[in-house]
Amino acid sequence: MAERRSAASWEGVPPPPTRMDGHPANPESQVGLAAGLFTLSAVVFRPFVGALVDRHGRRPFYVWGLLLFVISMVLYDWVGGILLLLALRMVHGVSWAFATTSVGTAITDLIPASRRGEGMGWYGMAMTVAMAIGPMLGTALASGDSFHTLFLVAAGLSLAAWVLAFMTKVPFQPKLSAGRIRLIEPSVLPVTVAIFFLAVAYGGITTFLPLFAASISVNPGTFFLVYAIALTLIRPLAGKLSDRFGEAAVIMPSLVITALSLLLLSLSDSLVGLIAAAILYGIGFGSAQPALQAATLRIAPEDRRGAANASFMTAFDLGIGLGAIMLGWVSEQTGYPLLFAIASVSVVVSLFIFALFVKKLLRTDAVLVSSAGTPVERAE
């Protein structure tokens with residue numbers, strides 16, 4: 001399941017910003033718009049998908065969502081204009097909403113409560129490593145061969161994900177109800193606001209780091225490779241610490257490290273600075289994001305996991321989309337250093353929201369059920 005999610009995530013990240021005919025990229029604001037439309041279209045559909053997977057089950061949504069994902073990847077090779085490209089980005093975002101919401105919720109059904117932090121860490125690692133490797137692979141394919149090859153490889157990976165999804169069965173049994181569908185899970189609202197501000201910074205990294213690296217004559221793939229290695233190493237450890245000491249003990253220092261990494265990036269003008277920032281960002285973001293999702297699942301009612309996951313992912317998507325658009329405007333007006341400095345401030349806002357509003361929600365729910373079904377007190 002995690003491997004299938006990894007493949008889908010890999011192809012969901014747009015390649016580094018260049019025009020499809022191989023000429024220099026459009027202005028940063030247009031790059032941000034193309035990147036942002038993908039995630040913003042997902043935002044519109046995620047709440048509906050989250051509510052429906054609680055009512056009708058996970059499988060139909062990830063099977064059909066991934067199939068639409070495959071079709072979207074194939075169609076990229078046939079797009080012949082900016083308007084059609086933007087329309088396809090929106091369709092692609094819809095498929096992303098269906099697939100990732102249902103797959104993510106199915107995975108939470110399989111993770112024991114006593115190992116939720118560790119399980120979400122492995123799941124998040126597969127997702128984020130794929131997102132880190134994707135831009136690096138996209139850069140290599142687009143510069144060394146052609147966009148035709150890039151889209152062909154992406155379509156093949158998407159098809160592999162769909163085949164795995166089609167073959168997989170999940171244990172969740174839907175509880176059909178004729179009641180009103182609730183699109184948002186209100187109990188997790190403070191967590192969603194915190195992840196939104198963290199995702200604003202992530203949108204800036206994934207969209208504009210390749211352009212920034214090129215401006216200082218550094219291969220952007222170096223950042224994503226180092227970031228992926230740091231994230232891979234930290235995720236299992238951070239998950240276990242979250243289960244042992246509570247999500248807050250992992251999230252708060254991780255957000256501090258993430259903010260510092262972006263501040264360092266704003267001051268960097270060489271390969272050494274870029275690598276140091278990548279290590280810190282991999283440790284910080286790599287620990288904070290799955291711990292925040294685990295906190296979401298601990299706060300939400302069990303029968304509302306789909307809606308809770310959708311609320312979390314909607315906030316994450318919205319942060320990435322708006323971050324790409326807003327930070328693109330900042331970059332165009334002032335340059336990359338201020339872009340990353342503002343991204344750092346956004347992470348600090350996330351930290352304050354978590355400390356003021358989310359931490360107390362976790363403290364009131366400090367009893368964790370062990371895998372044997374015995375309630376045990378957990379340190380906070």
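Taking CD1 of I320 as the start and CG of L327 as the end, the distance is 12.0 Å to the nearest 0.5 Å. We find the CZ-CZ distance between F45 and F98 to be 6.5 Å, quoted to the nearest 0.5 Å. Rounding to the nearest 0.5 angstrom, the gap separating the CG atom in L264 from the CD1 atom in I257 is 13.0 Å. A distance of 11.5 Å separates OG of S254 from CG of L280, quoted to the nearest 0.5 Å. Distance check: L85 CG to M90 CE gives 10.0 Å after rounding to the nearest 0.5 Å. Here the CD1 atom belonging to I107 is positioned 7.5 Å from the CE atom belonging to M120, to the nearest 0.5 angstrom.
Minimum heavy-atom separation, S158 to M73: OG-CG, 3.4 Å. Closest approach of A42 and D317 over heavy atoms only: CB-OD2, 3.5 Å. A pairwise comparison of heavy atoms in I205 and L262 identifies CD1-CD2, 3.6 Å as the closest pair. Annotation for I234 and G282: closest pair CG2-O, 3.8 Å, computed over non-hydrogen atoms. Between S187 and A300, the shortest heavy-atom contact is OG-CA, 3.8 Å. Taking both residues in full, the closest heavy atoms of A315 and A199 are given as O-CB, 4.5 Å, listed atom of the first, atom of the second, then distance.
Under the 6.0 Å cut-off for aromatic ring centres, W162 and F69 do not qualify, their centroids lying 6.0 Å or more apart. Aromatic rings from Y202 and F285 are positioned such that their centres are separated by under 6.0 Å. Taking the six-membered ring for Trp and the full ring otherwise, the centers of F340 and F212 sit less than 6.0 Å from each other.
Taking 4.5 Å as the limit, some side-chain heavy atom of P290 sits within range of a side-chain heavy atom of R235. Contact of the I353 side chain with the F197 side chain is registered, since non-hydrogen atoms from C-beta on lie closer than 4.5 Å. Counting heavy atoms from C-beta outward, W96 and F38 have side chains that approach closer than 4.5 Å. The closest side-chain heavy-atom distance from P47 to S311 is not below 4.5 Å. Contact of the L198 side chain with the T258 side chain is registered, since non-hydrogen atoms from C-beta on lie closer than 4.5 Å. Using a 4.5 Å heavy-atom cutoff, the side chains of S270 and V218 are not in contact. Counting heavy atoms from C-beta on, the side chains of I299 and L362 come closer than 4.5 Å.
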Please determine whether side chain to side chain contact (heavy atoms under 4.5 Å, CB included) holds for the pair L292 and V191, giving the CA-CA distance in whole Å, both sets of side-chain angles, and the decisive distance to 0.1 Å. CA-CA 7 Å; L292 282 166; V191 190; 4.2 Å; yes
Run the salt bridge (charged side-chain N to carboxylate O under 4.0 Å, His left out) test on D243 and R116 for me, step by step, so that the C-alpha distance in whole Å, both residues' side-chain angles and the decisive distance to 0.1 Å come before the verdict. CA-CA 7 Å; D243 289 331; R116 182 170 291 149; over 6 Å; no
When you look at Y76 and L88, which way does the side chain to side chain contact (heavy atoms under 4.5 Å, CB included) test go after all the steps? CA-CA 8 Å; Y76 275 118; L88 181 56; 3.4 Å; yes
Applying side chain to side chain contact (heavy atoms under 4.5 Å, CB included), run through F312 and I195 and close with a yes or a no. CA-CA 7 Å; F312 180 90; I195 195 64; 3.7 Å; yes
For a side chain to side chain contact (heavy atoms under 4.5 Å, CB included) check, start with the C-alpha distance between L351 and V347, then their side-chain angles and the critical distance, and finish with the verdict. CA-CA 6 Å; L351 173 62; V347 177; 5.8 Å; no
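Counting only distance, with no hydrogens or angles, the side chain of S266 and the backbone of L263 share a donor-acceptor pair below 3.5 Å. In terms of modelled atom types and a separation under 3.5 Å, the side chain of S95 and the main chain of H92 share a donor-acceptor contact. The backbone N or O of G204 lies less than 3.5 Å from no partner atom in the side chain of T207, so there is not a single donor-acceptor pair. One N or O on the side chain of S102 and one on the backbone of A99 form a donor-acceptor pair closer than 3.5 Å.
Judged by distance alone, the side chains of T101 and R46 do bring a donor and an acceptor atom under 3.5 Å apart.
Cluster annotation: V74 is not connected to L86 through the hydrophobic network of ILVMFWY side chains, with a link wherever side-chain heavy atoms come within less than 4.5 Å. The hydrophobic cluster containing I216 also contains L211, counting ILVMFWY residues as joined when their side-chain heavy atoms lie under 4.5 angstrom apart, directly or transitively. F196 and F352 are members of different hydrophobic clusters when ILVMFWY side chains are connected at heavy-atom separations under 4.5 Å. Residues L152 and V79 are members of separate hydrophobic clusters, defined by side-chain heavy-atom contacts under 4.5 angstrom among Ile, Leu, Val, Met, Phe, Trp and Tyr. Cluster annotation: L318 is connected to V349 through the hydrophobic network of ILVMFWY side chains, with a link wherever side-chain heavy atoms come within less than 4.5 Å.
Remark: I275 engages T222, V226, L271, I279 in a side chain to side chain contact (heavy atoms under 4.5 Å, CB included) (not counting sequence neighbours). Under the side-chain hydrogen bond (donor to acceptor under 3.5 Å, both in side chains) criterion, R59 pairs with no residue, sequence neighbours left out.
Just one of Q293, R304, E185 meets the side-chain hydrogen bond (donor to acceptor under 3.5 Å, both in side chains) condition when paired with N309; it is Q293.
Note: F224 and Y227 have perpendicular aromatic rings, judged against thresholds of 30 and 60 degrees for the angle between ring planes.
The pair R305-D54 does not count as a salt bridge, with every side-chain nitrogen at least 4.0 angstrom from each carboxylate oxygen.
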